[in-house]
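Working notes, structure below.
What you see is a predicted model, and the numbers here were worked out from it, not measured in a lab.
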Amino acid sequence: QVQPVESGGGLVPAGGSLRLSCAASGLTFSVSNTAWFRQAPGKEREFVAAIRWTDSGTTYRDSVKGRFTISRDNAKNTVWLQMNSLKPEDTAVYYCAARGWGNNPNDFEFWGQGTQVTVSS
């Protein structure tokens with residue numbers, strides 16, 4: 001059974017940084033597109049960033065460009081989301097999603113349970 005597992009969330013002041021990680025058993029990230037989504041209370045789940053397995057090409061939502069970086073470590077079978085210059089509006093549960101592409105959550109096959117990120121003002 002494939003199960004991505006996120007870690008690295010927490011409480012951080014505005015302007016701070018966090019690095020989220022996503023690991024998965026039964027899934028090799030080097031041959032699977034992987035993405036991060038987030039969901040704030042009362043809002044729909046939204047796309048944050050994705051990395052393509054073929055060429056490690058990346059894509060980001062506009063509001064995180066220049067602040068967030070998605071990357072992967074094939075040796076550790078882990079995908080990272082480095083988040084810098086965090087803002088209170090980045091507060092959400094962050095989810096790792098695998099085997100899909102695009103900014104629609106319905107297009108991804110496997111999901112983690114999420115990790116909470118809270119940015120204080």
Side-chain angles (χ1 to χ4, degrees):
Q1 182 176 356
V2 176
Q3 178 64 64
V5 177
E6 306 93 339
S7 62
L11 173 64
V12 62
S17 299
L18 283 174
R19 187 172 73 159
L20 306 183
S21 65
C22 176
S25 60
L27 181 68
T28 302
F29 285 127
S30 62
V31 292
S32 173
N33 296 330
T34 308
W36 288 93
F37 287 77
R38 66 187 182 187
Q39 188 166 17
K43 295 188 177 181
E44 294 186 350
R45 193 167 297 189
E46 64 182 20
F47 170 80
V48 176
I51 185 165
R52 196 165 45 231
W53 75 269
T54 50
D55 61 357
S56 294
T58 58
T59 183
Y60 300 90
R61 71 179 297 106
D62 287 346
S63 63
V64 307
K65 286 180 180 177
R67 300 189 298 122
F68 291 11
T69 303
I70 187 171
S71 62
R72 69 176 185 219
D73 184 329
N74 291 341
K76 296 181 179 180
N77 199 33
T78 300
V79 172
W80 310 96
L81 183 68
Q82 178 67 44
M83 306 186 296
N84 299 327
S85 302
L86 283 161
K87 304 175 181 180
E89 51 265 42
D90 294 318
T91 295
V93 177
Y94 283 70
Y95 296 91
C96 177
R99 232 179 255 172
W101 191 248
N103 58 9
N104 187 338
N106 295 325
D107 292 335
F108 284 81
E109 185 174 355
F110 300 113
W111 288 86
Q113 295 300 307
T115 185
Q116 177 70 47
V117 171
T118 303
V119 184
S120 61
S121 57

Which residues pass the side-chain contact (heavy atoms from CB on, under 4.5 Å) test with Val2, not counting sequence neighbours? Pro4, Leu27, Phe110
Side chain to side chain donor-acceptor pair (under 3.5 Å) partners for Asn33, two or more places apart: none
What distance do Ser21 atom OG and Lys76 atom NZ have between them, rounded to the nearest 0.5 Å? 10.0 Å
Below 4.0 angstrom, N of the basic side chain to O of the carboxylate: do Asp62 and Lys65 qualify? yes
With Gln82, which residues qualify under side-chain contact (heavy atoms from CB on, under 4.5 Å), at least two apart? Ser17, Arg19, Thr69, Asn84
Disulfide (SG to SG under 2.5 Å) contacts touching residues 1-100 (sequence neighbours left out): Cys22-Cys96
Ser32 versus Arg99, closest heavy-atom pair with distance: OG-N, 3.2 Å
Can you tell me how far OG1 of Thr34 sits from CD1 of Ile70, rounded to the nearest 0.5 angstrom? 6.5 Å
Under the salt bridge (charged side-chain N to carboxylate O under 4.0 Å, His left out) rule, collect the residues that match up with Arg72, sequence neighbours excluded. none
Is atom CD of Gln113 surrounded by more than 12 heavy atoms (other residues, nucleotides or ligands) closer than 6.0 Å? no
Considering residues at least two apart in sequence or located in another chain, which fulfil the side-chain contact (heavy atoms from CB on, under 4.5 Å) criterion with Gln39? Arg45, Tyr95
Provide the closest heavy-atom pair for Val64 versus Val48 in the form atom of the first, atom of the second, distance. CG2-O, 3.8 Å
Partners of Thr115 by side-chain contact (heavy atoms from CB on, under 4.5 Å), sequence neighbours excluded? Glu6, Leu20, Tyr94
Kindly state each residue pair satisfying disulfide (SG to SG under 2.5 Å) with at least one member in residues 26-73, sequence neighbours excluded. none
Show, in sequence, the C-alpha distance, side-chain angles and deciding distance for Met83 and Asp90, and conclude whether the side-chain contact (heavy atoms from CB on, under 4.5 Å) test is met. CA-CA 9 Å; Met83 306 186 296; Asp90 294 318; over 6 Å; no
Listed by chain and number, what are the side chain to side chain donor-acceptor pair (under 3.5 Å) partners of Thr91, not counting sequence neighbours? none
Give the minimum heavy-atom separation between Thr78 and Ala23, together with the two atoms involved. OG1-CB, 4.3 Å
In the hydrophobic clustering that connects Ile, Leu, Val, Met, Phe, Trp and Tyr at side-chain heavy-atom distances below 4.5 Å, which members other than Trp80 occupy its cluster, ordered by chain and number? none
What pairs with Thr58 under side chain to side chain donor-acceptor pair (under 3.5 Å), at least two apart in sequence or on another chain? none
Could you list all the ring-ring contact (aromatic ring centres under 6.0 Å, His included) pairs where at least one residue sits in residues 37-64, not counting sequence neighbours? Phe37-Phe47, Phe37-Phe108, Phe37-Trp111
